[in-house]
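Report on one structure; see the data block that follows.
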Amino acid sequence: MYTVRDIKNYTDKYHKIAKRALKAEKLNTALDALYHCGALQHTVNINLKDDISENLILELSYKFNQIKYQKSSIYCLFYDSIAVSNIALSMQYLKALISLGKKFIYLINVNTWKESASKDLMVLAKQCGNCEVIVVDSTKNMVEKIEIIRRIILEERPEKVLLHMGNSDPVGCVAFSNISGCTKYLINHGDEQFWLGATVLDYSIEFRGMGKDASVKYRGLRDEQCLVLPYYPVLKSEKFKGFDFQLPADAVRIFSGGRFTKVYAENGKFMEVITDILNRHPKAFFIFAGAGDAEPMKAYVKKKGLENRWKVIAYRDDLLEVLRRMDIYLGTYPQTGGLMAQYAVAAGLPIVEMDTKNGGLTEDLLPNLNGGYRITYESWKDYNEQVDNLIDDSDYRSNVSEKIKKSNISEHEFWVGLQNLLTSNTSQYPIIHREINLKIRTKRLLEAENRYMHRIPGIMCNRHMVRYYPLMAVLNFIRYIYFRKGKS
């Protein structure tokens, strides 16, 4: 069982490795240590900013020639170290930049890049006419990647830089530090999560007020640095591919989805709630579309004998068509989602969520939500009453659907909002302030890690730990093997 103390101890070890490597001019080792350090902190989010890592990023950037220019030659450079068509916000920002009609570069830098994962992005970028696509060779080492990126910046001299980075991307952070001549905007796609890069940006683009409050309070950003632009779901039209199971014709179809880590904490409370709903309503049928480790949920379903009424599926390209064949959407708990709920809105589904007591509400992601409809509930009693009403009364479901289905902002509204933001460095959307409860979130993530996910042993098994802290590496390697066997 890992504790907060363990995470802090492991973080300290990575800091020491990075400092030692930097002093010895072993820059790749320092960068790799920072990568593992960031990945470790992202698992449980004890803090949202690591001052020591941020300072090391700045020190590392001084090992490269400073980039300084006054006159720009292109409007924007869009750096993307995620670059997966249906994950995070790559597609939304790429489409918006294309709509602006100005010349820009789409720079992809992914550790193990697979063109198939970025196929839709690549096709869109190459066909638009105002975008040049550059993919950094993923076989290069970290220092070589930084040199490539900085050379592109110096040659192209962008006026604006949009940073769409993974949570632990020291290459991107160092590459875009120690630069004068452009304005850098970090796209905060994980506002409640730990990430590296708080000292790299000039502005952070948040998608809701909770993100702004978290960045000011926990990341040390100034209020005027945090700009808010809600996102929208990219609706990809795909032919419905069907299911590999039979859906009863008279079933009330309930759907939920997201990373499995969002529902495994609090002793699997979400799964217990679904079980109770299915027990109360014999015609209810539940589908969960998830990313990550599905085995704990599948084992739970089997244990409860619900295999015929509770199906676990993976993310799908035809997600919108799947949702259009559902009746009700239930938000995940104890961590809510954003994009999945917006897909549900686009499909016209009534949404029911439980307040996670952790800041963000789905209502905050729906700027066009009309008054008179409630999505988030503060008690399980009220939550279950709403679910029961939606299951039992099809007319009520239809009425709720009409109230919610036009709540998302449109693609046009998004790119106009981005244009205004980049022009004025101000936000046009009203901000609903909600404070994140970091202690509750850390407790839940630690529980999910210890009970189900078991990612930390892998993060702690690498050549740096073997060399500098062999006993710690061996202990975590034993844990890694143990948990791997448990999943096989």
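When a residue number appears, it is its place in the shown sequence, counting from 1. The structure presented is a predicted model; accordingly, all values stated were derived computationally and were not measured.
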Whether F483 and H454 hold their rings parallel, tilted or perpendicular, with breakpoints at 30° and 60°: parallel

Pairs flagged by salt bridge (Lys or Arg N to Asp or Glu O under 4.0 Å) wherever residues 442-453 is involved - sequence neighbours left out: E266-R444, E447-R451, E449-R455

Verdict with reasoning, D51 to K49, per salt bridge (charged side-chain N to carboxylate O under 4.0 Å, His left out): CA-CA 6 Å; D51 288 323; K49 180 188 177 187; 3.3 Å; yes

Salt bridge (charged side-chain N to carboxylate O under 4.0 Å, His left out) involving K381 - partner list, sequence neighbours excluded: E385

Side chains of N420 and Y429, donor plus acceptor under 3.5 Å: no

Which side-chain N or O atoms in residues 28-42 pair as donor and acceptor under 3.5 Å with protein atoms at least two apart or in another chain?
unit_1, atom_1, unit_2, atom_2, d
N28, OD1, M142, N, 3.1
N28, OD1, V143, N, 3.0
D32, OD2, H464, NE2, 2.6
H36, ND1, D32, O, 2.9
Q41, NE2, C37, O, 3.4
Q41, NE2, D50, OD2, 2.9
H42, ND1, N167, ND2, 3.3

Where S204 and S215 come nearest, the two heavy atoms and their spacing: OG-OG, 4.4 Å

Centroid-centroid under 6.0 Å between Y329 and Y343 rings: no

Contacts of type salt bridge (charged side-chain N to carboxylate O under 4.0 Å, His left out), residue K140, not counting sequence neighbours: none

Any L201 side-chain heavy atom under 4.5 Å of L221 side chain: yes

Heavy-atom side-chain contact between L124 and L121 under 4.5 Å: no

Under 3.5 Å donor-acceptor pairs involving side-chain atoms of residues 94-111, not counting sequence neighbours:
unit_1, atom_1, unit_2, atom_2, d
S99, OG, K95, O, 3.0
Y106, OH, D80, OD2, 2.7
N109, ND2, Y79, OH, 2.9

Heavy atoms from other residues, nucleotides or ligands near OH of Y218 exceed 12 (cutoff 6.0 Å): yes

Inter- and intrachain pairs under salt bridge (Lys or Arg N to Asp or Glu O under 4.0 Å), touching residues 216-231, at least two apart: K212-D223, K217-E435, R222-E224

